[in-house]
Trainee: 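Pasting a structure below so you can have a look.
The sequence lines fix the lettering, A, B, ..., with proteins before strands; numbering per chain opens at 1. Quantities reported herein were computed from a predicted structural model and do not represent experimental measurements.
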Amino acid sequence: MGSIEDFRSEAHDWIEANLPSELRVGNRKDLPKELLGAWIQAMASRGWVAPEWPTEYGGGGLDRSHAAALRAELKAFRAPVVGGFGTQMLGPTLLELGTDAQKEEFLPGICKHETKWCQGYSEPGAGSDLASLQTRAVLEGDEYVITGQKIWTTGADRADWIFCLVRTDPEAPKHEGISFILFPMDQPGVEVSPLRLIDGSEDFSQVFFNGARAKASHVIGPVNGGWTVAKRLLQHERTTDGGSEGGITGAQKETYADVVKREVGFDNGVLADPVLRQRLASQEQEAAALSLTMRRAREEARAGQTARDIGSLGKYRWANMVKGEQDLAMLALGAHGLGWEGPGFEDTQLERTRAWLSTRSDSIWGGTNEVQLNVIAKRVLHIPE
Amino acid sequence: MGLILSDDQLILRDMARSFCEEKSPVERMRTLRDNQDETGFTRALWKEMAELGWVGIPFPEDLGGSDMGYGELGVVLAECGRVLAPEPFLSTVLLGGNAILLGGQESLQKELLPGVCSGDRLLALAFQEHGRFSPYHVETRAVATGSEFRVSGEKLFVLDGHVADQIVTVVRSSGEAGDREGLTLLVIDSGAPGVTVQRTTMMDGRNAARVSFNETPVDAGRLLGEVGHGADVLDPVFDRATVALCAEMFGSFEEAFERTLEYLKTREQFGVKIGSFQALRHRIAHMFGELEFARSVLLDAQTSIDEGRDDVAECASAVKARCSDVASLIGAEAVQMHGGIGMTDEEETGLFFKRLKAAEFTLGDAVYHRNRYAGLRGY
Ligand SMILES: Cc1cc2nc3c(=O)[nH]c(=O)nc-3n(C[C@H](O)[C@H](O)[C@H](O)COP(=O)(O)OP(=O)(O)OC[C@H]3O[C@@H](n4cnc5c(N)ncnc54)[C@H](O)[C@@H]3O)c2cc1C
């Protein structure tokens with residue numbers, strides 16, 4: 001691999017040549033579909049949808065620092081982020097725990113961004129207490145037959161496949177009878193019923209399984225050993241790069257700080273409200289501290305120093321941070337932040353309302369804040385329960 | 001890099017830790033306090049620290065220093081903070097010493113700094129005139145007459161002022177209280193005519209003094225920086241001292257955190273360890289997060305000085321705002337989670353609590369530094 005500088009300038013030139021200006025606006029939901037599709041294809045052709053995965057599966061084969069340089073370049077161009085459950089969660093887990101056949105079958109589809117995945121973990125009775133899940137899978141020949149219900153399944157209505165936690169041994173203690181299995185969504189035994197969220201979107205669904213079928217060879221890890229796989233995947237889910245205003249909200253053209261400055265105004269060069277000025281300084285310091293802490297964890301790992309697992313800490317602080325940013329923007333907007341739709345409000349104001357609502361979920365999905373604190377107390381601080 | 005300790009820094013940390021544990025358990029600080037020791041720290045120990053090269057860390061070798069960085073100084077200060085050692089790093093090295101290093105003529109540096117590095121000379125910086133930190137709010141006046149100044153006014157909270165040989169004093173030569181322009185820095189011998197030093201004892205057992213000047217004559221050769229532009233020297237002095245103070249605070253609240261964590265694992269009530277109560281588990285998990293974030297921001301601030309980055313002021317305010325808040329949180333939670341014993345003078349938690357509160361207010365609290373940070377960031 002060449003020097004980072006050379007690679008970075010090569011990546012820069014490539015993005016300049018391939019990324020149309022209409023797409024240089026961050027992660028907006030209303031991006032022109034055809035342009036976006038072409039961009040994803042171009043990225044996939046270089047393996048850059050999954051820059052750190054091996055080239056044999058369609059990844060970019062880059063090491064960590066080259067991949068970081070690529071991400072930095074993409075960010076500088078405000079390129080839309082290509083990825084999702086496949087690249088962020090399932091892929092890394094398969095690379096570690098899948099068989100060669102499973103990797104060959106599933107990773108290329110993720111790298112080409114052809115297969116969309118969803119995550120079938122939560123059930124009506126199993127949220128924070130995920131291991132109490134009840135969805136059953138029974139072996140019939142070389143297939144499992146699945147019956148039960150999942151809920152809060154993000155993107156289920158658009159997904160081609162699901163990675164799902166199912167109970168394969170109802171007699172075993174609750175953590176020991178679970179398997180991690182993959183199956184297609186487009187089949188008779190699967191029914192998806194979208195749910196509307198407080199921000200008005202229909203991003204997640206209830207999913208009912210009534211005799212859905214999965215190949216026995218699509219169990220990841222050992223049968224009844226799915227809990228370990230599930231936890232490993234959660235670690236990938238909780239990994240944050242400390243990005244501000246991230247999460248399930250699209251990044252607006254204006255940052256929350258821009259909104260605060262514009263709405264509050266200045267008095268002799270100083271933000272006119274002293275309390276909001278303090279809060280803006282706190283938020284900016286928190287964002288800097290989060291990304292420094294994530295960087296420090298990477299440096300510690302690289303230097304082989306004992307790194308404490310700060311995945312849960314990062315998720316917890318990140319959730320509070322992004323919620324705090326939107327809270328602050330809302331405070332500055334006042335009544336302008338209360339618009340729901342239609343005339344009378346600017347688009348950016350309407351987007352803020354929705355962003356504020358949708359970021360409420362950041363302290364819930366992927367393990368609630370309370371669950372993250374439980375994990376820190378138990379696994380990091382080792383306080384007996 | 002800079003966000004992790006280098007191998008050399010790890011060695012230094014281990015050395016400083018065994019030195020402090022052996023020669024300066026928290027008990028020593030208590031004894032100094034209870035005996036109302038006239039120095040307030042241990043001169044012999046300060047000499048030893050000087051011989052190890054720690055006192056001279058930020059000074060160049062030709063002035064007797066050991067020419068290391070704030071990364072190294074931070075490692076030593078954090079260990080001092082863990083045992084609440086009251087030795088005069090802040091007053092002598094970081095405030096008085098840095099003012100002379102950054103603002104003094106070569107001759108003045110050669111006269112005064114080797115004695116600082118060897119642990120013989122003690123310095124103080126007299127700046128504060130009000131309760132809350134407000135560095136340009138200076139009314140102490142200097143009037144220039146021929147080749148000397150005449151200084152009159154009163155200073156508060158002059159750390160270790162009762163033992164300082166020289167007091168670097170911030171005076172106003174023009175303008176009005178609050179103006180950044182018009183400040184001047186003068187090195188004044190504590191025995192000079194018209195100087196009165198009144199020792200004051202503080203909640204954390206340390207000493208600061210009220211120092212008054214009545215027509216005190218100061219030779220023009222004792223000037224640091226330029227007349228009326230003292231703030232150009234003062235600002236970077238405060239930035240460095242602030243970052244270093246945060247390193248000491250970090251050591252103190254890390255120790256307070258670890259002791260509290262241990263208490264949660266050992267103290268029993270209702271037949272179980274109190275650490276099994278979720279109300280306490282969540283709070284200490286949150287404290288852990290605060291501690292880890294403070295560590296990152298501190299290491300970055302130290303690096304900003306050592307690498308000569310242009311964002312030192314921003315980093316200094318970011319780290320002091322954070323460490324002030326974390327000191328306040330961990331100090332208060334340490335007392336609360338210890339229950340009644342935490343309120344006793346005999347148990348050491350209270351000693352950490354009180355030191356952390358004093359340090360929180362030293363060189364600006366969180367509100368001050370968030371305001372300053374906002375100003376530096378253009379809002
Ligand atoms: C936007 C969004 C997207 C999501 N996407 C997916 C998805 O794609 N796939 C999927 O499987 N799931 C998804 N989830 C579900 C998510 O993982 C769960 O909502 C979450 O784990 C919490 O479970 P629950 O909703 O059942 O709440 P509960 O577990 O019932 O929690 C209710 C409250 O009790 C608290 N609580 C629970 N247990 C404890 C405890 N031991 N100690 C202290 N407090 C506790 C919780 O913190 C919470 O405040 C999504 C959720 C959201 C909001």
Side-chain angles (χ1 to χ4, degrees), chain A residues 242 257 260-261 264-266 269-286 288-305 307-308 310 312-314 316-317 320-321 369-385, chain B residues 1-7 10 257-258 260-262 264-266 272-278 280-301 303 311 314-315 317-322 325 366-379:
Chain A
V260 174
K261 289 174 193 167
V264 175
F266 284 78
V270 170
L271 200 66
D273 185 296
V275 175
L276 297 186
R277 184 179 192 229
Q278 285 273 314
R279 291 202 31 187
L280 181 54
S282 285
Q283 288 291 157
E284 289 197 344
Q285 290 177 359
E286 184 66 9
L290 176 60
S291 76
L292 283 169
T293 303
M294 294 301 144
R295 210 178 90 202
R296 179 163 65 82
R298 288 194 296 275
E299 286 183 18
E300 278 169 353
R302 213 175 305 148
Q305 294 186 5
R308 302 208 222 190
I310 58 163
S312 284
L313 176 61
Y316 165 69
R317 298 296 291 224
N320 286 345
M321 180 186 86
N369 270 11
E370 291 76 16
V371 164
Q372 307 301 350
L373 290 174
N374 287 346
V375 172
I376 295 168
K378 184 171 173 181
R379 306 248 171 253
V380 184
L381 300 178
H382 305 292
I383 313 175
E385 279 172 302
Chain B
M1 279 273 182
L3 290 177
I4 54 174
L5 298 186
S6 67
D7 289 343
L10 286 170
F257 170 83
E258 287 174 4
T260 306
L261 178 59
E262 191 51 35
L264 260 52
K265 292 179 182 177
T266 46
V272 294
K273 305 276 191 270
I274 58 170
S276 64
F277 302 134
Q278 197 181 50
L280 301 188
R281 297 171 79 82
H282 279 189
R283 277 151 59 194
I284 199 148
H286 178 76
M287 285 154 66
F288 167 72
E290 293 285 359
L291 183 73
E292 288 303 313
F293 274 44
R295 190 196 305 276
S296 315
V297 175
L298 174 61
L299 288 164
D300 184 52
T303 311
D311 62 345
E314 233 171 75
C315 288
S317 279
V319 70
K320 186 59 167 58
R322 183 170 293 275
D325 281 344
V367 173
Y368 171 85
H369 279 288
R370 276 193 292 267
N371 271 332
R372 179 165 181 264
Y373 180 88
L376 291 165
R377 302 263 307 160
Y379 58 90

Trainee: Would you mind telling me which of H286(B), K273(B), R283(B) has the largest number of heavy-atom pairs within less than 4.5 Å of chain A?
Mentor: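 Ranked by heavy-atom pairs under 4.5 Å with chain A, first place is H286(B).
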Trainee: Given a strict heavy-atom distance threshold of 4.5 Å, which part of L280(B) is in contact with chain A: side chain, backbone, both, or neither?
Mentor: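 It is neither, since no heavy atom gets under 4.5 Å.
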Trainee: Scan H282(B), Q278(B), R281(B) and name whichever one has a side chain to side chain contact (heavy atoms under 4.5 Å, CB included) with L373(A).
Mentor: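 Single side chain to side chain contact (heavy atoms under 4.5 Å, CB included) partner of L373(A) among H282(B), Q278(B), R281(B): H282(B).
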Trainee: Given a strict heavy-atom distance threshold of 4.5 Å, which part of R296(A) is in contact with chain B: side chain, backbone, both, or neither?
Mentor: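 Both backbone and side chain.
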Trainee: What is the distance from atom CZ of R279(A) to atom CZ of R370(B), rounded to the nearest 0.5 Å?
Mentor: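 With rounding to 0.5 Å, CZ (R279(A)) is 11.0 Å from CZ (R370(B)).
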Trainee: Can you find a pair of side-chain heavy atoms, one from V367(B) and one from Q278(A), that are under 4.5 Å apart?
Mentor: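 Yes. Closest side-chain heavy atoms under 4.5 Å.
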Trainee: Could you tell me which portion of L280(A) (side chain, backbone, both or neither) has an atom closer than 4.5 angstrom to a non-hydrogen atom of chain B?
Mentor: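 Both parts, backbone and side chain.
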Trainee: Just list the side-chain donor-acceptor pairs under 3.5 Å for residues 375-385 of chain A, sequence neighbours left out, or say none.
Mentor:
{"unit_1": "K378(A)", "atom_1": "NZ", "unit_2": "E385(A)", "atom_2": "OE1", "d": "3.3"}
{"unit_1": "H382(A)", "atom_1": "NE2", "unit_2": "R379(A)", "atom_2": "O", "d": "3.4"}

Trainee: Need one label for E290(B): side chain, backbone, both or neither, based on atoms under 4.5 Å from any heavy atom in chain A.
Mentor: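 Both backbone and side chain.
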Trainee: With chain A, which of N371(B), I284(B), L261(B) has the greatest number of heavy-atom pairs at distances under 4.5 Å?
Mentor: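 The answer is N371(B).
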Trainee: Between F293(B) and A289(A), what is the shortest heavy-atom contact and its length?
Mentor: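 Taking F293(B) first and A289(A) second, the nearest heavy atoms are CD2-CB, 3.7 Å.
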Trainee: Rounded to the nearest 0.5 Å, what separation is found between the CD atom of Q285(A) and the CZ atom of R322(B)?
Mentor: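 Output value for this atom pair is 6.5 Å.
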Trainee: Could you state the interatomic distance from CD1 (I4(B)) to CZ (R295(A)), rounded to the nearest 0.5 Å?
Mentor: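 Here the interatomic distance stands at 10.5 Å.
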Trainee: Starting at OG of S296(B), measure out to CD1 of I310(A) and round the result to the nearest 0.5 Å.
Mentor: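 Spacing of OG (S296(B)) from CD1 (I310(A)) equals 7.0 Å.
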Trainee: Answer with side chain, backbone, both or neither: which region of N369(A) has an atom nearer than 4.5 Å to a non-hydrogen atom of chain B?
Mentor: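 Neither part, no heavy atoms under 4.5 Å.
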Trainee: Just to be sure I understand the criterion: a residue of residues 269-276 of chain A counts if one of its heavy atoms is under 4.5 Å from a heavy atom of chain B. Which ones qualify?
Mentor: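 Under the 4.5 Å heavy-atom cut-off, G269(A), V270(A), L271(A) qualify.
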Trainee: Taking side chain as everything from C-beta outward and backbone as N, CA, C, O, which of these in E370(A) sits under 4.5 Å from a heavy atom of chain B? Side chain, backbone, both or neither.
Mentor: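 It is both, since atoms from each part get that close.
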Trainee: Side chain from CB out, backbone as N, CA, C, O: work out which of these in S282(A) comes under 4.5 Å of a heavy atom of chain B, or both, or neither.
Mentor: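 For S282(A), backbone and side chain are both near chain B.
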